[in-house]
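Working notes for the structure below.
Reminder, nothing fancy here: chain letters follow the sequence lines and each chain counts from 1. Given the structure is predicted, the values throughout are model-derived calculations rather than measurements. Below, each value reflects all heavy atoms present in this structure, side chains not excepted, and no hydrogens, waters or symmetry copies.
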2 protein chains.
Amino acid sequence: MKWVNNMTHRVRRTMPLLPISIVMQLTELTARQIRYYEEHELISPARSEGNKRMFSLNDVDALLEIKDFLDQGINIAGIKKIYDLRAQPEIEKTAPQTITDAELRKILRDEILNSKSLDRGGIRQGDLSRFFK
Amino acid sequence: MKWVNNMTHRVRRTMPLLPISIVMQLTELTARQIRYYEEHELISPARSEGNKRMFSLNDVDALLEIKDFLDQGINIAGIKKIYDLRAQPEIEKTAPQTITDAELRKILRDEILNSKSLDRGGIRQGDLSRFFK
DNA sequence: TTTTTATGTCAGAAAACCTAACATAAATTT
DNA sequence: AAATTTATGTTAGGTTTTCTGACATAAAAA
């Protein structure tokens, strides 16, 4: 017999559920790093009544992505620009975007030039697999 | 384009993620109630290094079920017995279980006699729907 | 070489959580 | 009916966690 109260697969991705200590474990980032990324507006975790940061699963996803970008040599400004571009996908491929477009090319070019042939093959977010099934 | 870091649907149900404040919101139980149920071994939430309770999604499910049982008039002892019986499903329907079985019947009988015709129709855990999609 | 970036570390304060104790209404037992 | 038990409320004192802000620093960029 199955029971009714199974919320596991229904939790909203945007619900602020997790304290920073748990997010540190899930992402292997320090509190300092997480706060720094928020300071630079890469994430906007919710706050408890007492001003403690509360993170959603989407926030965790975002942090893992930020970590990945940084590991790839992209800097905070670059990540922010990528996010900005993601936010307006409808203007994409229409009129040229003056400076914005050029900036993106520069970012991408720099990324290629900076890649340092790290070649971290295959295993993406490998360590996290121990947390998942 | 989809991104790789989507942990949302892969979080282990048993991972201790949530502080008691969040569990209070999710279940609409007080901290006192949650701690009392733990004291009576209906749940066993994990602990942080500093001894703070950390709850898994399974724990939340369990608490919602406990709440439901209590609302139905079943007391803590009854819930515990139900859990015990659930833990040995293989003995079920075989040899008579002496006292255990009789105790269960008493519980069920008492539940029926105590039902007070509350008749809380249909809507199960209704309020929680606002938390889910 | 100077500046910027990303992160470490520390301090003091506030919030969240802990256990333990006492209080109590409602239900149960005697 | 009186005494006890159950499930929960409340309060107090102590510990853990998190906060902001400041200063420090290695590596990268200008």
[X] has a side chain; which of [options] sits nearest to it?
{"X": "Arg53(B)", "options": "dC18(C), dA16(C), dT18(D)", "result": "dC18(C)"}
{"X": "Arg32(A)", "options": "dT7(C), dT18(D), dG9(D)", "result": "dT7(C)"}
{"X": "Asn51(A)", "options": "dC17(C), dC19(D), dC23(D)", "result": "dC19(D)"}
{"X": "Ile20(B)", "options": "dA7(D), dC17(C), dA14(C)", "result": "dC17(C)"}
{"X": "Arg47(A)", "options": "dT20(D), dG8(C), dA16(C)", "result": "dT20(D)"}
{"X": "Leu70(B)", "options": "dT8(D), dA14(C), dT7(C)", "result": "dT8(D)"}
{"X": "Ser48(A)", "options": "dA6(C), dA7(D), dA16(C)", "result": "dA16(C)"}
{"X": "Lys52(A)", "options": "dA15(C), dG9(D), dC17(C)", "result": "dA15(C)"}

Any side-chain N or O of [X] less than 4.0 Å from the OP1 or OP2 oxygen of [N]?
{"X": "Tyr37(B)", "N": "dA7(D)", "value": "no"}
{"X": "Tyr36(B)", "N": "dT8(D)", "value": "no"}
{"X": "Arg35(A)", "N": "dC19(D)", "value": "yes"}

Starting at atom CD of Glu39(A), determine the distance to atom P of dA6(C), rounded to an integer number of angstrom.
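So the two atoms are 11 Å apart, to the nearest Å.
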Atom CD1 of Ile79(B) to atom C1' of dA7(D): distance rounded to whole Å?
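Computing the Ile79(B):CD1 to dA7(D):C1' distance gives 11 Å.
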Are any non-hydrogen side-chain atoms of Lys67(B) and Leu63(B) less than 4.5 angstrom apart?
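No; the side chains remain at least 4.5 Å from each other.
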Rounded distance [0.5 Å steps], OG in Ser44(A) versus CG in Asn58(A):
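Ser44(A) atom OG to Asn58(A) atom CG measures 12.5 Å (nearest 0.5 Å).
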Nearest-0.5 Å distance that lies between atom CG in Asn75(A) and atom NZ in Lys81(A)
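It is 11.5 Å, given to the nearest 0.5 Å.
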Heavy-atom count check: over 12 atoms from other residues, nucleotides or ligands less than 6.0 Å from Glu39(B) CD?
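Yes, CD of Glu39(B) has more than 12 neighbouring heavy atoms, counting only those of other groups under 6.0 Å.
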Pick the nucleotide of DNA chain D nearest each of His40(B) and Glu49(B); which residue has the one closer to the 5' end?
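Result of the comparison: His40(B).
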Reading DNA chain C from 5' onward, which residue's closest nucleotide shows up sooner: Ser21(B) or Thr30(A)?
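Its nucleotide being nearer the 5' end, the pick is Thr30(A).
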